[in-house]
Amino acid sequence: MKKKKRFGLLTKQSIAGWIWLTPATVLIAIMSFYPMVQAFITSLKTGSSANMTWAEPILYNYTRMFKDQTFMRSVGNTFFYLIIQVPIMLILAMLLAQLLNNKDLKFRGVFRTCVFLPCAMSLVSYSVIFKSLFATEGLINTVLVNLGILQTGYNFLGNSGSAKIIIIVALIWRWTGYNMVFFLAGLQTIEYSVYEAAKIDGASSWKTFWGITVPLLRPTIVMTAIMSINGTLQLFDESVNLTNGGPAFSTITMSHYIYNNAFGTGVANFGYASAMSFFIFILVAILSMIQMKVGDTRD
């Protein structure tokens, strides 16, 4: 009898759980999975808007993208941003979190707020600010000319190399504080006694950081790395608002090029845009799986 009652209670709890999960599951299926399936079907078609027909061959859009020099350039640009920006941003975020986690630091709440404030700005607003700063007659050029470093204003956003660097700087400025919050949360789960024991044993700050902080923050590092890489692979606002992909597509990103094909060129090439979107989806999935495998500490 006791077993029956226990089984009945567990069944009721299970049913109650599914009842609460059902609305969210239905919404996710309708708002996420159904559009993904429709997008994949669209990626197998050609034509524009309502005049779309099945591609011949069926994978035409997928083979086309690898012959598209502009798209391959956008892939190269996106990975250039990723390889340089993500490591710098995560290292800075971790170091700032370590510094601002010091219980003896005065006004640490103010400092934390200042570092996090860029995250409160909208993506468009901060892109416009950076565009104004680095304009030919902007603040940066004015300062450099007045200091005698430059004779005339330099076209930072009109040159491929400097434009890419500005996008990377903007990304670091915008997202470092966001990742710092995660590292701060991770650091606050580490008992302070661990650091005190290391100090008693004569460990330097550098050895303590690499021997204690980094290993214990491994799950947080993996999580922030996955989020940062996924976000960079889908980079859009900075390319559009800072450089509009120029000069000559030298700074354009994958998402920006997809947008141009779907909405920005006058011809709604949804099939090709959907195929490129699935290419990004596959990249994100592969990189996420690799990072989760590397970061998994379970035996």
Supply the atom-to-atom distance Q13 CD to W18 CH2, rounded to the nearest 0.5 angstrom.
15.0 Å
Taking the six-membered ring of F270 (Phe, Tyr or Trp), confirm whether the NZ or CZ of K45 is under 6.0 Å from its centre and within 45° of its axis.
no
Counting only heavy atoms not in Q69 (residues, nucleotides, ligands), do more than 12 fall under 6.0 Å from its CD?
no
Any donor-acceptor pair under 3.5 Å from N155 side chain to T136 backbone
no
Nearest heavy atoms of S160 and T251, plus distance in Å:
O-CG2, 4.3 Å
Shortest non-hydrogen pair, I58 vs W54, comes out as CD1-CE3, 3.7 Å
With clusters defined by side-chain heavy atoms of hydrophobic residues (ILVMFWY) lying less than 4.5 Å apart, directly or transitively, does V124 cluster with F134?
no
Heavy-atom donor-acceptor pair, Q291 side chain to I226 backbone, under 3.5 Å
yes
For T152, is there any backbone N or O sitting under 3.5 Å from a side-chain donor or acceptor partner on N141?
no
Under 3.5 Å side-chain donor-acceptor pair for E238 and Y126
yes
List the atom of R73, the atom of F249, and the distance in Å for their closest heavy-atom pair.
CD-O, 3.1 Å
Out of curiosity, does L123 fall in the hydrophobic cluster containing V169 (side-chain heavy atoms, cut-off under 4.5 Å, transitive links)?
yes
Is the number of heavy atoms from other residues, nucleotides or ligands within 6.0 Å of OH (Y178) greater than 12?
no
Whether over 12 other heavy atoms sit under 6.0 Å from E191 CD
no
Side-chain donor/acceptor pairs under 3.5 Å, residues 24-31, sequence neighbours excluded:
unit_1	atom_1	unit_2	atom_2	d
T25	OG1	L21	O	2.8

Any donor and acceptor pair, going by atom type alone, linking the side chain of N102 with main-chain N or O of D104 inside 3.5 Å?
yes
Pair T253, V240 - check side chain to side chain contact (heavy atoms under 4.5 Å, CB included), show working.
CA-CA 9 Å; T253 61; V240 172; over 6 Å; no
Would you please test F279 and F71 for ring pair (Phe, Tyr, Trp, His ring centres under 6.0 Å) and show each step?
CA-CA 11 Å; F279 177 77; F71 176 69; 5.6 Å; yes
Within the supplied structure, the quantity of interest is the number of heavy atoms (other residues, nucleotides, ligands) at a distance under 6.0 Å from Q151 CD; does it exceed 12?
no
Given side chains that start at C-beta, do those of I252 and S74 come closer than 4.5 Å, heavy atoms only?
yes
Decide side chain to side chain contact (heavy atoms under 4.5 Å, CB included) for I149 and V143; before the verdict, give the C-alpha distance in whole Å, the side-chain angles of both, and the deciding distance to 0.1 Å.
CA-CA 9 Å; I149 298 173; V143 171; over 6 Å; no
Side-chain contact test, heavy atoms from C-beta onward, threshold under 4.5 Å: evaluate it for Q85 versus T232 and give yes or no.
yes
Is it true that M180 and L99 fall in one hydrophobic cluster, defined by side-chain heavy atoms closer than 4.5 Å?
no
Side chains of L283 and M254, heavy atoms from C-beta outward: is any pair under 4.5 Å?
yes
Closest approach of A55 and Y60, non-hydrogen atoms and distance?
CB-CB, 4.0 Å
In sequence, state the C-alpha distance, the side-chain angles, and the governing distance for L105 and F111, and then conclude on side chain to side chain contact (heavy atoms under 4.5 Å, CB included).
CA-CA 10 Å; L105 179 67; F111 293 130; 4.2 Å; yes
About how many Å separate CG of D237 and NE2 of H256, when rounded to the nearest 0.5 Å?
10.5 Å
Mark yes or no for whether D68, through its side chain, and R64, through its backbone, hold a donor-acceptor pair below 3.5 Å.
no
Roughly how far, to the nearest 0.5 Å, is the CG atom of L235 from the CG atom of N230?
12.5 Å
Short side-chain donor-acceptor distance under 3.5 Å, E137 and T142
no
Test item: N179 side-chain N/O and L90 main-chain N/O as donor-acceptor pair under 3.5 Å
no
Can you check whether P247's main-chain N or O pairs, donor with acceptor, with S250's side chain at less than 3.5 Å?
yes
Would you please test F278 and F40 for ring pair (Phe, Tyr, Trp, His ring centres under 6.0 Å) and show each step?
CA-CA 7 Å; F278 263 86; F40 178 71; 5.4 Å; yes
Please round to the nearest 0.5 Å and tell me the distance separating atom CG of L287 and atom CG of L233.
6.0 Å
Taking side chain as C-beta onward, heavy atoms only, is I190 less than 4.5 Å from Y195?
yes
Of all heavy-atom pairs linking L96 and V115, the shortest is CD1-CG1, 4.0 Å
Indicate yes or no: at least one non-hydrogen side-chain atom of Y62 is less than 4.5 angstrom from one of S43.
yes
Find out whether N101 and Q98 are in side-chain contact, i.e. whether some heavy atom of one side chain is under 4.5 Å from a heavy atom of the other.
no
Any chance you could measure S277, atom OG, to Y272, atom OH, to the nearest 0.5 Å?
11.0 Å
Between the main-chain N or O of A285 and the side-chain N or O of S288, is there a donor-acceptor pair closer than 3.5 Å?
no
Is any side-chain heavy atom of L187 closer than 4.5 Å to a side-chain heavy atom of L217?
yes
Heavy-atom pair with the smallest gap, counting every atom of P118 and W173
CB-O, 3.4 Å
Flag yes if F116 and M89 sit in one hydrophobic cluster, no otherwise; membership is Ile, Leu, Val, Met, Phe, Trp, Tyr, and two members link when side-chain heavy atoms are under 4.5 Å apart.
no
Within a reach of under 6.0 Å around CH2 of W210, are more than 12 heavy atoms found that belong to other residues, nucleotides or ligands?
no
Would you say that I280 contacts I258 through its side chain, given a criterion of any heavy-atom pair below 4.5 Å between the two side chains?
yes
If I take atom CZ from residue F183 and atom OG1 from residue T224, how far apart are they, to the nearest 0.5 angstrom?
3.5 Å
In this structure, would F209 and L184 fall into the same cluster of hydrophobic residues linked by side-chain contacts under 4.5 Å?
no
Return yes if some donor-acceptor pair links the side-chain N/O of S132 with the main-chain N/O of V128 below 3.5 Å, else return no.
yes
